[in-house]
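Take a look at the structure below.
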Amino acid sequence: MTKREEITLGELQERIKGTIESSFSRRYWVRAETGEVKIHSQGHCYIDLIEKAQGSGGVTAKIQAVIWASSFRMLRPYFETTTGRALERGLSILVNVQVTYSQLYGMSLVITDIDPTFTIGEQEIIRQRSIQRLTQEGMFEINSSLEIPLLPRRLAVISSEGAAGFRDFTKHLEENDFGFSFSIKLFPAPMQGESAPDGIIEQMERVACEMDNFDLLLILRGGGAAQDLVCFDDYNLAINIAQFPLPVVFAVGHDHDYHIADMVAHTSLKTPTAAAAFIIDLFVAEEQQLIFLSRRVSLSLQSRLQSETNSLERFNERMTVALRTRYREVEHLLDIYERRVISASPFAILERGYSLALKGGKKIGSIKDAQVGDDFTLLLSDGSFNCKINSIRDGKKR
Amino acid sequence: MAKKDSLTYKQALAQLEELVVRIENPETDLENIAEEVKKALDLVKFCRDQIKGFREETDKLLN
């Protein structure tokens, strides 16, 4: 029996470490996907690097990697400003690594450098491909061609339950300064990560089933890391939003990124609070329109009344003038009648001391009108005499 | 004169016109001319009063 070689665990690991580190002494640029990413309180960043099988998506390779705090302090802002995303789960990355082995923690990779342009490239290629396909399918115009009701007050919201974004939205709506009231129904769904698109689509289908109860669908998420939002570039989510029967307002709390979901939605806003403000603004605009109209009604009524009053005054004036003329005319007529009566009546002459001889009611104007012995009446201003003709003298023969 | 109370302005004016013509007509009997002249002048007064009343009434309504 040969003598067994016994070594301590530490010695074995010492040998493994030596073998590994001498075999992998140089650095490698490695393409991988990020799994779990943890940032340690001391500033070190621990990342699970994984590789997935094409098609099935099953994990085929996995190793733990670390970016020491001293490197991470520089790499993190470099990565984030270049990609516009946090270094988080689900990213395709290209990293420069050194293989290390620790007796306590086993094998791991120390990341010394990272090429953010690779990450941009991968995601951008997928994204551009989706955009191209959606353009060909005419998906960008569909939802935005739906009309938002004048006063959308029945709101279906897809968001994660208890998330700050949904709370902000509800609070902002309910505490509006104008006293508008809204009915909000939450359809909870995961709002980040790989499961988000399917979860959101499932809830969209539920909203669609009772679409008559809603005026708008809002998809909300408050803030969060940029990388979390990559799910909103998902092609399936995009076609579901585009073809949704209600107008979709999309607000996932992003500052610089514009996702495919933003492009296909009816209205895209930066934050859930902005979405609430958008809805309140619709009500305010409508109310202002009403105030404006009622003001117009009262103004036009006033001017109408004024013009009616004016024309009444004109009628009044015309009537006054017409009446005055009429009265003057009839008074003038009466004056004429009066003058005619006075001048035709014999009494003016009688008043002046003359008398008038009447025979059988007729004036005796000539000696031929009567004979000796005839009775006649002599009319004076204050009465009459009954007279008899004693003799006749012809005035012309005198 | 009781008859005049129920007289309208138009009727009064027509009577007046008739009287004026009668008074002016030399064929008209002079026996009753005094009465006719008096009646005509009464009618003139009646019509003037009527007009005065109309005027007061319309002035009150229009102001």
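So that the names make sense, note that chain A is the first sequence line, chain B the second, and so on, each numbered from 1. Predicted model only: the values in this text are computed from it and were never measured.
Residues from residues 47-54 of chain B that place a non-hydrogen atom less than 4.5 Å from a non-hydrogen atom of chain A comprise B:Cys47, B:Arg48, B:Ile51, B:Phe54, given in numerical order.
In terms of heavy-atom pairs under 4.5 angstrom with chain B, the leader among A:Arg340, A:Arg326, A:Lys363 is A:Arg340. Taking chain B as the reference chain and counting heavy-atom pairs below 4.5 Å, the highest number among A:Leu350, A:Leu358, A:Leu333 is found for A:Leu358.
In A:Glu210, the CD atom is crowded: over 12 heavy atoms of neighbouring residues, nucleotides or ligands sit closer than 6.0 Å. More than 12 non-hydrogen atoms from other residues, nucleotides or ligands lie less than 6.0 angstrom from CD of B:Glu24.
What you find for A:Leu334 and B:Leu13 is that their closest heavy atoms are CD2-CD1, 3.8 Å.
The CD atom of A:Glu338 lies 9.5 Å from the CG atom of B:Leu16; values are rounded to the nearest 0.5 Å. A:Leu323 contributes atom CG, which lies 8.0 Å from atom CG of B:Asp59 (distance to the nearest 0.5 angstrom). One finds the OG atom of A:Ser345 at 8.0 Å from the CG atom of B:Leu41 (value rounded to the nearest 0.5 Å).
The side-chain hydrogen bond (donor to acceptor under 3.5 Å, both in side chains) check on A:Lys362 picks up B:Asp29, with sequence neighbours excluded.
Both the backbone and the side chain of A:Tyr337 have a heavy atom closer than 4.5 Å to some heavy atom of chain B. Proximity to chain B (any heavy atom under 4.5 Å) is restricted, for A:Leu356, to the side chain, taken from C-beta onward.
With respect to the salt-bridge test (charged N to carboxylate O, under 4.0 angstrom), the residues B:Arg55 and A:Glu331 qualify.
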